[in-house]
Participant: 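Shown below is the structure under consideration.
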Amino acid sequence: MSDKKTNKLNRRTFLKIAGAAGLVTGAGVMMPKDILSARPEKGGNGKLNFEVAPGQLDDYYGFWSGGHSGEVRIVGVPSMREIHRIPVFNTDVGSGWGITNESKKLLRGKAAGDTHHVHGSYVDGTYDGKWLFVNDKLNNRVARIRIDYMETDAIVDVPNIQGAHGLFPQRYPKTEWVVVNSEFQTPVPNDESNAKNFNNPQEYYGMHTIIDAERMAVVCQVMVDENCDLAATDYKGKYSMCTSYNSEKGVTISEMLAADFDYLIVYNWERIKKALAAGKYKTINGAKVLDGRKGHSDLTLRIPVPKNPHGVNISPDGRYAVCCGKVSPTVTVVELSRLDDAFAGKIKPEDCIVAQPYIGLGPLHTTFDGRGNAITSVFIDSTNVKWNIDKAIQAEKEGEEAKKKNPHIVDVLDIHYQVGHIMATMAETKEADGQWLVSLNKISKDRYINVGPLKPENDQLSDITGEKLRHVHDSPTYIEPHDCIMVRRDIIEPKVKHRVEMFDHPLAVTKSGVERKGKDVTIKMTANAPLFGLQEVKLKKGDKVTLIVTNHDEIVDLSNGVAISNYNINFVIGPYQTKSVTFTADKPGVFWIYCTNFCHALHLEMRMRLIVEV
Ligand code: CUK
Ligand code: CA
């Protein structure tokens with residue numbers, strides 16, 4: 001199908017669904033003339049080169065979520081080369097994640113996940129290069145990745161929620177808290193003790209959960225009537241916020257689309273801390289649950305926004321929250337300095353809104369170039385729309401006539417096709433540098449050679465240094481990044497180690513040997529290419545075996561793989577790293593343990609026998 005046809009189809013379906021609920025023309029939703037007719041001509045004045053020659057390094061570390069692959073990826077920007085994968089909520093036989101004892105301890109039996117939002121830890125409004133945090137929408141968890149090893153080092157289960165979605169770390173003064181939202185409302189608690197409410201959606205609630213970044217434990221949850229979709233924190237450490245598209249408490253699409261307005265909900269951290277200190281919470285499934293429901297508390301502020309909003313992003317100067325309308329073709333600009341007065345009751349919540357410019361059909365997410373411009377992804381139109389924040393605010397002041405001319409629109413870039421998140425380099429920090437933009441497009445269709453029914457996603461790179469957005473590169477990606485951040489290399493690279501500290505692992509092996517206590521056998525083994533520390537190990541059928549291996553090779557990049565034939569065991573260990581597995585020797589016979597990760601001219605000879613005697 002041609003792109004035109006697909007876009008039309010998408011537009012039609014959208015209008016049908018939206019129209020059925022009587023929405024698009026509803027109050028508060030403008031439909032000015034299609035701005036695309038006034039589209040500035042193609043081509044930009046940016047001059048950046050995306051090509052990175054052999055031996056040259058990228059300027060940015062891109063951290064991509066992997067969607068329902070459950071992982072996080074490292075992509076070099078601007079080359080868009082996928083450099084590494086960090087397993088998080090998935091099983092990854094390449095590294096042994098989900099197979100080793102160390103990873104199983106974190107996964108606790110759940111080696112599937114759905115990562116959407118990956119963000120870095122902050123100090124004073126910019127990345128400190130210490131941690132990444134990522135949500136698991138499937139099993140309602142938050143994981144932390146330590147950047148020095150680029151490995152997941154903690155996973156916290158979040159109780160009382162489903163659809164753990166928007167996630168954002170505290171930006172100022174540093175990341176002590178991380179917030180995560182529940183996109184799906186559920187009964188609270190959601191178990192047999194509350195069975196009377198299973199069929200009563202009016203008693204389903206959303207949660208804005210606060211997690212302690214250091215301890216990776218739930219600090220508290222703020223319960224609201226609405227669902228909590230995307231998340232953001234301000235640059236002052238005072239507020240976090242979420243968009244909500246289901247203020248209706250609907251359980252069907254048309255119910256969720258019934259109202260003309262939903263909300264941007266703002267959470268007041270000072271009041272949350274006071275409420276916690278005053279014991280104003282109920283403990284439910286181990287979490288302190290505060291009441292943030294409408295009319296029940298002063299912890300929350302609801303700013304009405306049209307209609308089923310999606311992304312909320314904060315401008316790098318910390319002044320504005322930009323909230324995308326999704327079903328409304330507008331974005332809503334909220335001035336954050338007005339929140340204090342709104343919480344104090346001096347102004348109405350809607351008085352925090354300073355502009356509501358037209359963007360296009362299906363605005364989803366916004367990013368920033370650090371020069372006063374915002375760029376918004378528009379799903380139905382398949383465009384990235386660059387617009388000027390000050391001009392939008394100015395036109396709003398001047399009134400409807402000024403607004404109709406759409407003076408805020410700077411450029412409209414066609415993308416291929418159906419964009420979700422977009423992100424500019426450093427855009428979620430006060431150091432937004434307006435160099436590159438990545439458009440994470442959901443549908444690649446005819447953009448690559450045909451690989452069957454499941455096509456890759458298409459990540460498009462644009463040079464945004466000029467007035468116009470200049471699309472320069474396409475890059476296919478495996479299932480299914482939703483969001484990414486791009487961090488300057490000088491922030492990350494000095495923090496990343498070439499080898500782990502050997503004794504970070506309490507079981508690091510310095511001397512190979514076998515210990516037996518009844519049926520419990522511990523095999524301790526070194527690996528040093530091309531030799532395992534043992535030539536053979538004899539077991540009895542039924543032994544419960546723990547194999548611990550430490551890689552003693554000090555050469556950078558020299559990893560050893562440890563695989564046990566027919567025992568479904570396979571993991572890799574980097575220099576000085578230790579990993580372990582536990583299994584039952586239930587099959588008698590001779591089984592070769594071999595190195596999977598090519599390590600030496602005698603790599604193929606790097607193997608030993610596991611003899612399981614009857
Ligand atoms: S969501 Cu996927 S495109 Cu999970 Cu951030 Cu908007
Ligand atoms: Ca709604």
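Atoms within each ligand, like the ligands themselves, are counted from 1 in listed order.
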Participant: Do H421 and H117 have their ring centres less than 6.0 Å from each other?
Facilitator: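 Yes, the ring centres sit under 6.0 Å apart.
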
Participant: Scan I375, L437, I422 and name whichever one has a side-chain contact (heavy atoms from CB on, under 4.5 Å) with S462.
Facilitator: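 For S462, the side-chain contact (heavy atoms from CB on, under 4.5 Å) check succeeds only for L437.
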
Participant: Using side-chain contact (heavy atoms from CB on, under 4.5 Å) as the criterion, point out the one residue from T332, V331, V378 that pairs with C324.
Facilitator: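 One option only clears the test, and that one is V331.
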
Participant: Can a cation-pi geometry be assigned to K430 and Y235, taking NZ or CZ under 6.0 Å from the six-membered ring centre and within 45° of the ring axis?
Facilitator: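 Checked: cation-pi criterion not met.
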
Participant: Please find the pair of heavy atoms, one from V333 and one from W387, that lie closest to each other, and give the distance.
Facilitator: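 In terms of heavy atoms, the two residues are closest at CG2-CH2, 3.8 Å.
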
Participant: So, using ring pair (Phe, Tyr, Trp, His ring centres under 6.0 Å) as the criterion, who are the partners of Y172 when residues are at least two apart?
Facilitator: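 Once residues adjacent in sequence are excluded, Y172 has no partner under the ring pair (Phe, Tyr, Trp, His ring centres under 6.0 Å) criterion.
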
Participant: Protein N/O/S atoms under 3.0 Å of the Ca ion (ligand 2)?
Facilitator: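 Metal shell, protein only: Y245 O, E248 OE1, E248 OE2, M256 O, D262 OD1, D262 OD2, N308 OD1.
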
Participant: Not counting sequence neighbours, list each pair that qualifies as a salt bridge (Lys or Arg N to Asp or Glu O under 4.0 Å) and has a residue in residues 242-254.
Facilitator: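 Matches after skipping sequence neighbours: D225-K249.
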
Participant: What is the number of protein N/O/S atoms located under 2.8 Å from atom 5 (Cu) of ligand 1?
Facilitator: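 That number is 2, waters not included.
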
Participant: Can you tell me if N227 uses its side chain to pair, donor with acceptor, with the backbone of F184 under 3.5 Å?
Facilitator: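 Checked: no pair found.
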
Participant: Think R144 forms a cation-pi with W131, using NZ or CZ under 6.0 Å from the six-ring centre and within 45 degrees of its axis?
Facilitator: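 Ring-cation test returns yes.
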
